Amino acid sequence: MAAEIIEKKEFMVKPNLENYEQTYKNFKWDDVRGEIDWFEGGKLNVAYNAIDRHVKNYGDKIALFWIGADDSTKQYTFREISHLSNKFANVVRKLGVKKGDRIFIFLPRIPELYISFLGIVKTGAIAGTMFSAFGPSAIKDRLLDSGAKILITNSELKKRVYEVRNELPELEKIVVVDNAEKDEISYNDEMERASPEFDVERMSPDEYAFMLYTSGTTGKPKGVVHAHSAVIHEHITAKWVLDLHDDDIYWCTADPGWVTGISYNIIGPWSNRVSSVVYEGRFSPEKWYSILEKYNVTVWYTAPTAIRMLMSAGDELSKKYDLSSLRYMCSVGEPLNPEAIRWGMKVMGLPFHDNWWQTETGGILIANYPTMPIRLGSMGKPFPGITAGIVDEDGNPLPNGEEGNLAIIPGWPSMMKEIWKNPKKYGEYFKKEWYITGDRARRDNDGYFWFVGRADDVIKTAGERVGPFEVESILIEHPAIVEAGVIGKPDPLRGEIIKAFITLRKGFTPSPELEEDIKSFVKKKLAGHAYPREIEFRTNLPKTRSGKIMRRMLKAQELGLPIGDTSTLEDY
Ligand code: ATP
Ligand code: MG
């Protein structure tokens, strides 16, 4: 099938990356070293690059427009964030923290989360993040595995920590940002006493800066550790992929409990000196549209699940808001269905630019760029400096057009340094000269990469391999469907059959007729064998906190097997 293409030729703002192909051909990582501020002896610090280096000439520029869950607002300049994070760095030092110690943050998206993250990183300690929605067992897993010494939380969330407090021998102190009680450290008191001056720790590029656990979509989350060199990659990808310019108002909807909320809500955009919007509250279509409108957001980075939810809220709603400030939109986290891109064109007049990466990769590796034609359904092409390939089980490259393991040649600056205290797991990522991503994909003759599915999720039916993504993408083109999760269900005759779990739009009800209609809809659009023989209607699909459909859970439930780690499961 010929790919549907969207090509943009005129730009209101000149893209930072003017010519992808040429840049890719000539690129060397050394060429972008100068984008970052270095200390003597080749040392650097992520937090210094994100914030402090802008203070001298741009101290009064707004770094953070913050909107609370209760709609209260605050704003902070780069100078204020610099001073506040310096203060917190002094607090951390006073608590006796050493380089390399782990300090975790368990907070909603409030300013203290961003300030403490930067403050920790300034001291040379390792900052860890967790979603504020995590329950006691998810908290325990992460704090125990990482051996965190200090936890920063609030009086509401700390209750969940105390449920497992006795099982965390290495946790020495709890800092509470609102009302600290006996034996706890008061954030406010300490911050008041602390100096706003701090001599930021000069770190070697390979020394650790932050860590977090993967989304848990395919199994138990892994503790991924990133070094200070990550800022090089996160800076240049924010500049070239997210196309951030000095006068942009940027909104990344990701929570820092997920890597996107660290790399592209804290490090990359601020390193590019951009004003960022953070919204503490939960998703609501009305609220999200009103933020885009009120803050005149120009660049928006979000995820397919959110886009699908906006789609299901209906186009009428979107028309009530003035979204004309938007000039560039990106998506990450899950495959981006072509239908979502078409919807963006219809409602915002702009396409979403899909990009692909992982917690382990620390930054964007495959992307659609402003000047490159978008092939709907493709993740785009490798970032300059990145060699991506499709390889077989033994790590041998496969020809264009063939499906295989998506693999990358190691050596980019934001590549994970280790899986925390688990060298065996880390080693499993590598085969021959490749880093194996665990995703299946194919590359076309023009170098575009197409996502097929997670390695565990690819379906083998009647001798054919089918990726859940292509089936799901067709399903959501059906007018009745909001969301679809597709699995392979063991079948004596066909090996596996395709089973689809579906949520319906408002106004539609499950019926055998609708089921038939959906089946024939897919049959018409995809190869005959690739339609779901079974359909189950659900009011919700199981998702991770970062909004990814947990197909392994659908499958386990279907087969009556243990459902495995559910620490990252969203309430559903
Ligand atoms: P776990 O590793 O714990 O199972 P996870 O892989 O979902 O969880 P993340 O690191 O947050 O954890 O997600 C990375 C994965 O998300 C990728 O490996 C890929 O499967 C998926 N992904 C991210 N971006 C895209 C994209 N643009 N298109 C398709 N898939 C994507
Ligand atoms: Mg993963």
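All values derive from a computational prediction rather than experimental measurement. Atoms within each ligand, like the ligands themselves, are counted from 1 in listed order.
Screening E472, E483, E339, E477 for a salt bridge (charged side-chain N to carboxylate O under 4.0 Å, His left out) involving R308 leaves a single residue, E483. Here the rule is side-chain hydrogen bond (donor to acceptor under 3.5 Å, both in side chains) with K220, and of D141, T214, D145 only D141 fits it.
Under a 4.0 Å criterion applied to the non-hydrogen atoms of S215, ligand 1 contributes the atoms 3 (O), 5 (P), 7 (O), 8 (O), 9 (P), 11 (O), 12 (O). Shown in contact with N355 at under 4.0 Å from a heavy atom are these atoms of ligand 1, numbered in order with element: 24 (N), 26 (C), 27 (N). For ligand 1, the atoms sitting less than 4.0 Å from at least one non-hydrogen atom of W258 are 11 (O), numbered in the order shown with element in parentheses. Every atom of ligand 1 with a heavy atom of T214 under 4.0 Å away is listed here by number and element: 1 (P), 2 (O), 3 (O). Counting atoms of ligand 1 from 1 in the listed order, those under 4.0 Å from a heavy atom of P335 are 28 (N), 29 (C), 30 (N). Of all the atoms in ligand 1, the ones that sit under 4.0 Å from a non-hydrogen atom of V332 are 24 (N).
Of the inter-residue distances, the one linking I502 atom CD1 with I476 atom CD1 reads 11.0 Å to the nearest 0.5 angstrom. Separation of atoms NZ (K432) and CG (N396) is listed at 3.5 Å; rounding is to 0.5 Å.
Ligand 1 lies out of reach of K220, whose nearest heavy atom is not under 4.0 Å from it. Every heavy atom of S546 sits 4.0 Å or more from the atoms of ligand 1. The shell of residues lying under 4.0 angstrom from ligand 1, judged by heavy atoms, excludes G438.
Because its NZ or CZ atom is both nearer than 6.0 Å to the ring centre of F134 and within 45° of the ring axis, R142 counts as a cation-pi partner of that residue.
Of the protein's non-hydrogen atoms, R454 NH1, 2.8 Å is the one closest to atom 6 (O) of ligand 1. In terms of protein heavy-atom proximity, atom 22 (N) of ligand 1 is closest to G333 O, 3.3 Å. Of all protein heavy atoms, the one lying nearest to atom 2 (O) of ligand 1 is K222 NZ, 2.9 Å. Summary of contacts: the protein heavy atom closest to atom 26 (C) of ligand 1 is E334 O, 3.4 Å. Remark: minimum distance from atom 16 (O) of ligand 1 to any protein heavy atom is reached at K548 NZ, 2.9 Å. The shortest contact between atom 25 (C) of ligand 1 and any protein heavy atom is with W356 CD1, 3.6 Å. Of the protein's heavy atoms, T218 OG1, 2.4 Å lies nearest to atom 4 (O) of ligand 1.
A perpendicular orientation is assigned to the rings of W29 and F27, their planes being inclined by more than 60° (bins at 30° and 60°). Between Y279 and W251, the ring-plane angle classifies as perpendicular under the 30° and 60° cut-offs. Y369 and Y20 have parallel rings, their planes meeting at less than 30° on a 0 to 90° scale where 60° marks the start of perpendicular.
Only the side chain of F451 comes within 4.0 Å of ligand 1, judged by heavy-atom distances. Of the heavy atoms in F469, none comes closer than 4.0 Å to ligand 1. Contacts of Q358 with ligand 1, taken as heavy-atom pairs under 4.0 Å, involve both backbone and side chain.
Using a 3.5 Å distance cut-off with no hydrogens or angles, the side chains of T237 and Y264 do pair a donor with an acceptor.
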Kindly determine whether K424 and E428 satisfy salt bridge (Lys or Arg N to Asp or Glu O under 4.0 Å), including the steps that lead there.
CA-CA 6 Å; K424 184 166 164 279; E428 285 166 12; 3.4 Å; yes
Salt bridge (Lys or Arg N to Asp or Glu O under 4.0 Å) for E334 and R551? Distances and angles first, verdict last.
CA-CA 12 Å; E334 283 226 294; R551 295 176 192 80; 3.7 Å; yes
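Side-chain atoms of R102 come within 3.5 Å of backbone atoms of S146 as a donor-acceptor pair (strictly under, hydrogens ignored). Side chain of E418 to backbone of K421: a donor-acceptor contact under 3.5 angstrom is found.
Some N or O of G216 is nearer than 3.5 Å to an N or O of ligand 1, by distance alone.
When the heavy atoms of T217, T359, L406 are ranked by distance to atom 10 (O) of ligand 1, first place goes to T359. Here atom 17 (C) of ligand 1 lies nearest to D439 when heavy atoms of D439, L212, D354, T568 are compared.
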